[in-house]
A.B. asks: 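So that we are looking at the same thing, I have put the structure below in C-alpha cells.
Just follow the structure's listing: the first ligand is 1, and inside any ligand the first atom is 1.
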Amino acid sequence: MHRVTVSFYAAAFFILISGVWWGPSALSAKERTGSSGIPPEKAAAYIYDVIKADRTLYTTEIVNRLQAKNIISASEHWEQENTLMLPAQFLQHSGKLAAENGSEIRYRLIGLWPIYRRNAPVSDLERNALESLRKNPSVPVTGIVTSGRKQYFQAIYPDLAASQVCIDCHNGHLLSPKRDFKLNDVMGGIAITIPLE
Ligand code: HEC
C-alpha cells in the first residue's frame, strides 16, 4: 500500500515537472507558427522564386529546346493542336491547380493590356501596382486585401518583355489591345496572394 502511494507521488511529481518542462517549448512552437512566423513579404518572395524558377525551366528546357530541335512547338490552342502550352498558360493553369487544393494561395499573371479580360487587374491594389511597376519595376508592390472576413497579403511582381518572342506574340495577337510593346517593357505582373492567418 505504502509503495503504491510512493509511486503515485512519483508519477504526480513527474507529470508536474514534465508540465513545467514542456510548457515553454509548447509555447514557442505556437509562436513559431503564429503571426510572429515568416513575415508575409518573405513568404510571398519565396513563392515568387519557385514560380519564376518553374517558368524559366519550362520555357528554356521544354518549350525553347524542343522547338529548336523541331520536335514540338508551343501554341495557344495546344489542346486541339497537340502542341505544348505557352509559358503564360502554364503559369495560369498551375495557379488554378494550386487554388483548387484548398491552401488559399493564389497566383496569376495579370496585365494592363490583357489579351483576355480575365487577366485584367481586379482591384485598385492590382491596378495601381501595375501602374507603379511600369515606372519602377525594381520593387514589388504589396498590400493587404480583404475578402469576406478574411485578410490576405498580396505582392505583385513585374513581368518584363525579356525576349523578342514576348512582344512579337502580344503585339500581333488578334485580341491584344496593345500593339507597341518594346523589349524590356513591363508587360504585366505576377500577383501572389496568401492568407494572413
Ligand atoms: C505565342 C504567344 C505568346 C508569347 C510568346 C508570350 N505570350 Fe504572354 N500571353 C499569351 C496568351 C495567349 C496569354 C493569355 C493566357 C491565358 O490567360 O489563357 C498571355 C498572357 C500574358 C500575360 C497576362 C496578361 C495578358 O496579356 O493576358 C502577361 C503579363 C504575359 N503574357 C507576358 C508575357 C511575357 C513577359 C512573355 C515573354 C517572356 C510572353 N508573354 C510571351 C501569348 C503569348
A.B. asks: Could you pull out the closest heavy-atom pair between Leu112 and Pro121, with the gap in Å?
C.D. replies: CD2-CG, 4.2 Å

A.B. asks: What I want to find out is whether Arg149 reaches Glu197 closely enough, with some N-O distance under 4.0 Å, to be called a salt bridge.
C.D. replies: no

A.B. asks: Counting from 1, what ligand 1 atoms have a heavy atom of Val165 closer than 4.0 Å?
C.D. replies: 5 (C)

A.B. asks: Checking a contact table here: which protein heavy atom is nearest atom 27 (O) of ligand 1, and how many Å away?
C.D. replies: Asn119 ND2, 2.9 Å

A.B. asks: Specify the closest pair of heavy atoms between His173 and Arg179, including all atoms of both residues, with the distance to one decimal.
C.D. replies: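 Reported closest heavy-atom pair: O-NH2, 2.5 Å.
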
A.B. asks: Can you tell me if Asn171 uses its side chain to pair, donor with acceptor, with the backbone of Phe181 under 3.5 Å?
C.D. replies: yes

A.B. asks: Which atoms of ligand 1 have any heavy atom of Ile110 under 4.0 Å away?
C.D. replies: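 This gives 24 (C), 29 (C) as the contact atoms.
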
A.B. asks: Salt-bridged, Asp54 to Lys52, with N to O below 4.0 Å?
C.D. replies: no

A.B. asks: Compute both the distance and the angle, then confirm whether Arg118 meets the cation-pi test with Tyr116: under 6.0 Å from the six-membered ring centre, within 45 degrees of the axis.
C.D. replies: yes

A.B. asks: Testing the basics here: between Ala98 and Tyr107, what is the closest heavy-atom pair and its distance to 0.1 Å?
C.D. replies: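 Looking at all heavy atoms of both residues, the closest pair is CB-CE2, 3.8 Å.
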
A.B. asks: Identify the protein heavy atom lying closest to atom 35 (C) of ligand 1, giving its residue, its atom name and the separation to 0.1 Å.
C.D. replies: Leu160 O, 3.1 Å

A.B. asks: Pick whichever of Gln89, Lys178, Gln164 has a heavy atom sitting closest to atom 15 (C) of ligand 1.
C.D. replies: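 Residue with the shortest heavy-atom distance to the ligand atom: Gln89.
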
A.B. asks: Starting from atom 32 (C) of ligand 1, what is the nearest protein heavy atom, named by residue and atom, and what distance separates them?
C.D. replies: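 The protein heavy atom lying closest is Asp159 OD2, 3.3 Å.
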
A.B. asks: Donor-acceptor check, side chain of Thr59 to backbone of Pro87, threshold 3.5 angstrom: yes or no?
C.D. replies: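 No.
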
A.B. asks: Sort by chain and number the protein N/O/S atoms found under 2.8 Å from atom 8 (Fe) of ligand 1.
C.D. replies: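 Only His170 NE2 fall inside 2.8 Å of atom 8 (Fe) of ligand 1.
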
A.B. asks: Do side-chain atoms of Asn128 reach the backbone of Asp124 as a donor and acceptor pair under 3.5 angstrom?
C.D. replies: yes

A.B. asks: For the pair Gln89 (side chain) and Leu86 (backbone), establish whether a donor and an acceptor sit closer than 3.5 Å, ignoring hydrogens and angles.
C.D. replies: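 Yes, because the side chain of Gln89 sits within donor-acceptor range (under 3.5 Å) of the backbone of Leu86.
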
A.B. asks: Should you measure from each heavy atom of Glu76, which atoms of ligand 1 turn up under 4.0 Å away?
C.D. replies: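 Those atoms are 12 (C).
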
A.B. asks: Just which atoms of ligand 1 are under 4.0 Å from any heavy atom in Arg118?
C.D. replies: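 Contacts of ligand 1 toward Arg118, numbered from 1: 16 (C), 17 (O), 18 (O).
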
